[in-house]
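Here's the structure we're looking at; comments come further down.
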Protein chains: 2
Amino acid sequence: MEALAALADPTRRQIVALLADGEQGAGELAGQFPVTRPAISRHLRVLREAGLVRVRAEGQRRVYALDPRPLSELDAWLAPYRRLWAQRLDALDTEIARGRRARAPENGR
Amino acid sequence: MEALAALADPTRRQIVALLADGEQGAGELAGQFPVTRPAISRHLRVLREAGLVRVRAEGQRRVYALDPRPLSELDAWLAPYRRLWAQRLDALDTEIARGRRARAPENGR
DNA sequence: CTGATGTGTAACAGGATCCTTACGTAAACG
DNA sequence: CGTTTACGTAAGGATCCTGTTACACATCAG
């Protein structure tokens with residue numbers, strides 16, 4: 001679950017969100033944030049070490065792409081807890097919560 | 001997504017795991033970790049502020065219980081990415097190389 | 001070759017985090 | 001009451017994070 005630490009930072013979550021729409025170069029990515037490029041380079045390194053992104057050299061550019069596997073692991077980690085809020089939809093047998101979609105509750109704090 | 005920062009710590013994740021099996025008192029909880037009780041008290045505070053646990057005073061004891069709502073939020077955050085690995089787990093590289101799929105959620109900063 | 005472009009790394013500062021020991025406080029006990 | 005029990009909080013230190021500026025290096029344009 002090293003991915004959790006990487007995803008704990010808002011900037012890195014945003015990078016992940018951007019890359020979900022398609023790969024991007026490092027500079028192109030950095031241009032969309034209020035921090036300097038080295039800072040983004042640092043974040044990309046953390047994401048890389050967490051396995052969340054992959055880099056591909058394209059000439060002098062570094063193209064980053066999302067690797068969803070750690071997210072899949074996070075999903076698996078979350079799985080055992082799913083029954084805890086699935087039960088809120090009582091009235092039905094919640095033995096197996098599979099196949100149904102958990103509704104998104106309003107954000108708490 | 002404040003929960004992500006709280007869950008980034010292994011000790012806190014373990015506390016969450018323990019509480020998923022049922023509520024426990026603070027000291028009882030602390031006894032299962034190799035760190036001192038004040039350290040656990042601190043972790044419980046972070047979890048509390050993230051909304052992941054609730055406290056109930058029972059005499060002089062403080063009974064902690066898991067509140068799954070932030071986990072549900074995390075699940076909802078993860079949802080848009082799910083399609084990235086749900087389709088073809090054995091063709092990730094192709095998937096990544098093509099990019100341009102799934103729309104992404106936003107993130108606070 | 002020379003210079004511009006695109007990126008990563010180094011060094012450093014400021015703040016956050018995690019742990020420990022010491023102390024404060026409220027409920028239960030005799 | 002005075003003590004014990006169960007917690008939380010304060011203070012201090014070591015380490016980690018995140019951001020900035022300065023710099024090292026390839027690669028591309030001429």
Side-chain angles (χ1 to χ4, degrees), chain A residues 1-19 22-67 70 74 109, chain B residues 1-19 22-67 70 74 96 99 107-109:
Chain A
M1 273 302 92
E2 187 192 345
L4 271 172
L7 294 170
D9 185 89
T11 301
R12 285 195 290 266
R13 280 200 299 276
Q14 211 167 333
I15 290 176
V16 166
L18 285 171
L19 291 181
E23 41 183 40
Q24 287 190 42
E28 180 183 2
L29 218 37
Q32 305 172 58
F33 291 89
V35 297
T36 58
R37 209 202 48 69
I40 297 300
S41 186
R42 195 79 162 181
H43 283 306
L44 287 171
R45 181 183 193 174
V46 174
L47 290 171
R48 204 186 318 142
E49 289 173 353
L52 279 159
V53 303
R54 292 270 190 67
V55 213
R56 181 183 80 237
E58 192 172 275
Q60 64 200 352
R61 301 188 39 186
R62 297 291 182 117
V63 181
Y64 283 82
L66 186 63
D67 187 336
L74 176 54
R109 47 164 316 82
Chain B
M1 275 301 92
E2 187 193 345
L4 270 172
L7 294 171
D9 184 89
T11 301
R12 285 196 288 268
R13 279 200 299 278
Q14 209 168 336
I15 291 176
V16 165
L18 285 170
L19 291 181
E23 41 183 42
Q24 288 189 43
E28 181 182 2
L29 219 35
Q32 304 171 59
F33 291 89
V35 297
T36 58
R37 206 198 49 66
I40 297 299
S41 186
R42 199 74 162 176
H43 283 306
L44 287 170
R45 182 183 192 173
V46 174
L47 289 171
R48 204 187 317 141
E49 288 172 354
L52 280 159
V53 302
R54 297 186 313 267
V55 212
R56 181 183 81 237
E58 192 171 275
Q60 63 200 355
R61 295 180 29 124
R62 297 291 184 116
V63 180
Y64 282 83
L66 187 63
D67 187 336
L74 177 54
I96 294 166
N107 275 316
R109 56 150 288 89

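Lettering of chains follows the sequences in order, A, B, ..., and the numbering in each one begins at 1.
Distance, B:R56 CZ to D:dA6 C1': 15 Å, rounded to whole Å. Distance CZ (B:R13) to P (C:dC18): 11 Å, rounded to an integer number of Å. Summarising the geometry, the separation between CG on B:L4 and P on C:dT17 is reported as 14 Å, rounded to the nearest angstrom. Taking atom CZ on B:R42 and atom C1' on D:dG13, their separation rounds to 14 Å, with Å as the unit. Rounded to a whole Å, the CD1 atom of B:I40 is 17 Å from the P atom of C:dT17. Taking atom CD on A:E49 and atom C1' on C:dT9, their separation rounds to 13 Å, with Å as the unit. The distance from atom CD of B:E2 to atom P of C:dT17 is 10 Å, rounded to the nearest whole Å. In this structure, B:R62 places its CZ atom 14 Å from P of C:dT25, rounding to the nearest Å.
A distance-only check finds a donor-acceptor pair linking the side chain of A:R13 to the backbone of A:A8 [under 3.5 Å].
Residues from residues 22-29 of chain B that place a heavy atom under 4.0 Å from any atom of DNA chain C: there are none.
Minimum atom distance to the side chain of B:D9 is reached by C:dC18, of the listed C:dC18, D:dG8, C:dC19. Across C:dT9, D:dT9, D:dA6, the shortest atom-to-atom separation from the side chain of A:R45 is found for C:dT9.
Taking CG from A:L18 and CD from A:Q32, the interatomic distance works out to 5.0 Å, rounded to the nearest 0.5 Å. In this structure, CE on B:M1 lies 14.5 Å from CG on A:D9, to the nearest 0.5 angstrom. Here the CG-CG distance, from A:L47 to A:D67, works out to 11.5 Å after rounding to the nearest 0.5 Å.
Phosphate proximity of C:dT20 to B:T36: present, with a side-chain N or O under 4.0 Å from OP1 or OP2. The phosphate of C:dC19 has OP1 or OP2 within less than 4.0 Å of a side-chain N or O from B:H43. Side-chain nitrogen and oxygen atoms of B:Y64 include at least one within less than 4.0 Å of the OP1 or OP2 phosphate oxygen of D:dG8.
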Practice task
Give the intermediate values and the outcome of side-chain contact (heavy atoms from CB on, under 4.5 Å) for residues B:L7 and B:L52.
Solution key: CA-CA 9 Å; B:L7 294 171; B:L52 280 159; 3.9 Å; yes
Problem - A:R61 and A:E28: CA distance, side-chain angles, deciding distance, side-chain contact (heavy atoms from CB on, under 4.5 Å) verdict - result: CA-CA 10 Å; A:R61 301 188 39 186; A:E28 180 183 2; 3.6 Å; yes
Handout entry: A:R54/A:E23 under salt bridge (Lys or Arg N to Asp or Glu O under 4.0 Å): CA gap, chis, key distance, verdict
Key = CA-CA 9 Å; A:R54 292 270 190 67; A:E23 41 183 40; over 6 Å; no
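Among the heavy atoms of the strands lying under 4.0 Å from B:R12 are primed sugar atoms or P, OP1, OP2 only; no base atom is included. Note on B:F33: nothing from the nucleic acid sits closer than 4.0 angstrom, heavy atoms only.
Counting all heavy atoms, side chain and backbone alike, A:Y64 lies closest to A:L19 at O-CD2, 3.5 Å. A:P70 and A:A3 get closest at one heavy-atom pair: CB-CB, 3.8 Å.
Taking for each of B:P34 and A:L44 the nucleotide of DNA chain C with the nearest heavy atom, the 5'-most of the two is the partner of A:L44.
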Would you tabulate the nitrogen or oxygen pairs shorter than 3.5 Å linking the protein to nucleotides 22-28 of chain D?
{"unit_1": "D:dT27", "atom_1": "O2", "unit_2": "A:Q60", "atom_2": "OE1", "d": "3.0"}

For residues 34-46 of chain B, please give each side-chain donor-acceptor pair under 3.5 Å, one per line with the distance, not counting sequence neighbours.
{"unit_1": "B:H43", "atom_1": "ND1", "unit_2": "B:R12", "atom_2": "NH1", "d": "3.0"}
{"unit_1": "B:R45", "atom_1": "NE", "unit_2": "B:E49", "atom_2": "OE2", "d": "3.4"}

